[in-house]
K.L.:
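First, the structure itself, so that you have it in front of you.
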Amino acid sequence: MAKKKKCIVWLRKDLRLQDHPGFRTAIEEGYQILPLYIWDEKDHRWADGAASQWWLHHALTDLEEQLETYGGKLHICHTKGDSAKILESLIKDYEVDVIFWGRRYEPEIIERDKQIKEGLKADGFEVKSFNTHLLFEPHTIENKSGSHYKVFTPYWKHCREFAIDPPSDPDWESCNFITVNKGSLSISELNLLPDIEWDKGFYDTWEPTRKGGEERLKLMKKGKAKLYQDKRDTPAEDGTSKLSPWLQWGQISAREIYHELAKPANELIHSGYLRQLFWREFSYHLLFHAPHSIDRPLRPEYEEFKWKPNTSYLKAWQHGNTGYPIIDAGMRQLWQTGWMHNRVRMVVSSFLVKHLLQDWREGASWFWDTLVDADLANNTMGWQWIAGSGADASPYFRIFNPITQGEKFDKTGDYVREFCPELADVPNKYLHKPWDMPELELAAAGVVLGKDYPSPIISHPDGRQKALDAFAEFQETRKK
DNA sequence: TAGCTCGTTGGACAA
DNA sequence: TTTGTCCAACGAGCT
């Protein structure tokens, strides 16, 4: 009898069994499969942050359980920057013929994967990679002049011209696995969970399993997506999809979401949300074509911008102690739940970069470490946009006003009261500017400013003016 | 090619 | 309280 062909399916940002072209191909072509996850602590400079690691732990646990129902076992390894070595030794140990993996698009990972691929091919092994993460791969889209898009709307219009492959599930009933007896670590041995218990709120907020994501998607399908356009800007309401962490880890694919919501009859009513999926695509497109933008301004002239580093400002912002309720509620939501509402992300980012004149990279790294949905392409694009150094960036005089943004988008004050409970009894009239409240009323609400809740670290008119001055000065130096 | 239009997410101020 | 207008300037993308 002919020897069974063997393959490794190396899982990366595609921790799912559904709509997985790697698994599907392996099963269709009759391979015996070794499903592999390598926890590489140093696979690039933006290796997963603490909140992401928390999610990863649970995603792997869930994936392991799903595989077990088909008689498979997830093989788990750990390294600090040498995934290639692990692959090589597994290939030898199990006489593997081919490796399948889903492509990643972080600049340093592209480079690393290329080297691994070349190395393996030189040794006579076959490597096949697939698109498991996106609707459109960044290099496949170009504008009429043969270059990449820099503005969202034309990019989006262009993409809409193309059909998107429907998701396609592997036939797991006919799957064969390679029998593995040794060498795999347990998930807990990866030490992905925090030593200090700061993750309690995460458990209250998330069910980080495939099933948890399917539930969210079901809610969108049942009506949430229809209401999305109206509710997306109200942080007190559960009006967004919150699917970002599942998407980021690939527990649910973009294709699955797209096809669930874009059925012809629904396309229009869901278009507000679907558009957001294309924003994710667009940020991968930008990152691919401007790899330097992960830690340098996309527009090089912004290298000259004079940020004013100030540790106490940065700390106050990180810990939600700026004295601006909408900012503090957002930063505390982030810390407690590993997630922040998108509207509030813009307000807090603008405040850090404009009012406080702190380098956008400080904000980007804080988000990176604390968000369960941290995604290099989205994070980079978002911060560059707010800092004004991005491709289609916000003009420098566009400075979010933390008071009016609060009053406009958290009218009821429910959001602020949830995350800044010390302000619970402050009436709506003053909730977004407690410093304007008369002493007596403050006392009645049980708040002493500077003691129970911080006084503002900078006054809004001051912060705004300083930002305008700094950016005007920057424009001047550019002209010279 | 030159010229035209437009750009996810806003704020301040005047009327 | 609401609404309209201006705030700069530029480069992408299209015709």
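By convention in this document, chain letters (A, B, ...) are assigned in the order of the sequence lines, proteins followed by strands, and residues within each chain are numbered from 1. Side chains are part of it too, since the values below use all heavy atoms of this structure and drop only hydrogens, waters and symmetry mates.
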K.L.:
Give me the distance, rounded to whole Å, that separates B:dT8 from C:dG13 when you measure between the P atoms they each carry.
P.N.:
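Per the computed distance, 11 Å lies between those P atoms.
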K.L.:
Nearest 0.5 Å, please: how far is CG in A:Asn342 from CD in A:Gln276?
P.N.:
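Reported to 0.5 Å precision, the distance equals 7.0 Å.
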K.L.:
More than 12 heavy atoms of other residues, nucleotides or ligands under 6.0 Å from NZ of A:Lys308: yes or no?
P.N.:
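Yes.
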K.L.:
Evaluate whether atom CD of A:Glu473 has more than 12 neighbouring non-hydrogen atoms of other residues, nucleotides or ligands under 6.0 angstrom away.
P.N.:
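Count not over threshold, so no.
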K.L.:
Is the distance between the ring centroids of A:Phe305 and A:Trp307 less than 6.0 Å?
P.N.:
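Yes, ring centres under 6.0 Å apart.
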K.L.:
What I want to check is whether the side chains of A:Ser147 and A:Lys150 have a donor and an acceptor closer together than 3.5 Å.
P.N.:
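Judged by distance alone, the side chains do pair up.
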K.L.:
Keeping to residues at least two apart or across chains, list the side chain to side chain donor-acceptor pair (under 3.5 Å) pairs with something in residues 455-464 of chain A.
P.N.:
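Non-adjacent pairs meeting side chain to side chain donor-acceptor pair (under 3.5 Å): A:His355-A:His460, A:Asn401-A:His460.
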K.L.:
State the dot-bracket string of DNA chain C. Criteria: Watson-Crick or G-U wobble, both atom distances under 3.5 angstrom; notation: ( ) intrastrand, [ ] crossing earlier pairs, | interstrand, . unpaired.
P.N.:
.||||||..||||||
K.L.:
Under 30°, 30 to 60°, or over 60°: which ring-plane class applies to A:Trp335 and A:His319, parallel, tilted or perpendicular?
P.N.:
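Rings of A:Trp335 and A:His319: perpendicular, over 60°.
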K.L.:
Considering residues, nucleotides and ligands other than A:Glu303, do more than 12 of their heavy atoms fall under 6.0 Å from its CD?
P.N.:
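Atom CD in A:Glu303 is crowded, with more than 12 foreign heavy atoms closer than 6.0 Å.
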K.L.:
Quick one: list whatever passes ring-ring contact (aromatic ring centres under 6.0 Å, His included) with A:Trp54, sequence neighbours left out.
P.N.:
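ring-ring contact (aromatic ring centres under 6.0 Å, His included) list for A:Trp54, sorted by chain: A:His58, A:Phe202, A:Tyr203.
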K.L.:
Looking at A:Asp369 and A:Ser365, would you say the former's side chain and the latter's main chain have a donor-acceptor pair under 3.5 Å?
P.N.:
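Between the backbone of A:Ser365 and the side chain of A:Asp369 there is no qualifying donor-acceptor contact (under 3.5 Å).
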K.L.:
Can you check salt bridge (charged side-chain N to carboxylate O under 4.0 Å, His left out) on A:Asp48 and A:Arg12, steps first, answer last?
P.N.:
CA-CA 12 Å; A:Asp48 298 315; A:Arg12 295 122 63 92; over 6 Å; no
K.L.:
Looking at residues 403-413 of chain A, who's got a heavy atom less than 4.0 Å off DNA chain B?
P.N.:
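Correct list: A:Thr404, A:Gln405.
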K.L.:
Provide the start and end nucleotides, 5' to 3', of the part of DNA chain B that has atoms under 4.0 Å from heavy atoms of chain A.
P.N.:
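With heavy atoms of chain A under 4.0 Å away, the range is B:dG7 to B:dA12.
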K.L.:
Would you measure the distance from the P atom in C:dA8 across to the matching atom in B:dA14 and give it in whole Å?
P.N.:
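Each nucleotide's P atom is 15 Å from the other's.
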K.L.:
Dump every N/O contact between nucleotides 11-15 of chain C and the protein below 3.5 Å, one line per pair.
P.N.:
residue : atom : partner  : partner atom : Å
C:dG13  : OP1  : A:Lys150 : N            : 2.7
C:dG13  : OP1  : A:Val151 : N            : 3.4
C:dG13  : OP2  : A:Asn143 : ND2          : 2.9

K.L.:
With a 4.0 Å cut-off on heavy atoms, is A:Arg232 in touch with a base, just the backbone sugar-phosphate, or nothing at all?
P.N.:
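Base, at least one base atom sits under 4.0 Å.
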K.L.:
If I take atom CD in residue A:Gln465 and atom P in nucleotide C:dC7, what distance separates them, rounded to the nearest angstrom?
P.N.:
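In whole Å, C:dC7 P lies 16 Å from A:Gln465 CD.
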K.L.:
Closer than 3.5 angstrom, by distance alone: can the side chain of A:Asp328 be matched with the main-chain N or O of A:Gly330 as a donor-acceptor pair?
P.N.:
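Side chain of A:Asp328 to backbone of A:Gly330: no pair is present.
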K.L.:
What's the separation between atom OG in A:Ser83 and atom CZ in A:Arg112, rounded to the nearest 0.5 Å?
P.N.:
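Here the interatomic distance stands at 4.5 Å.
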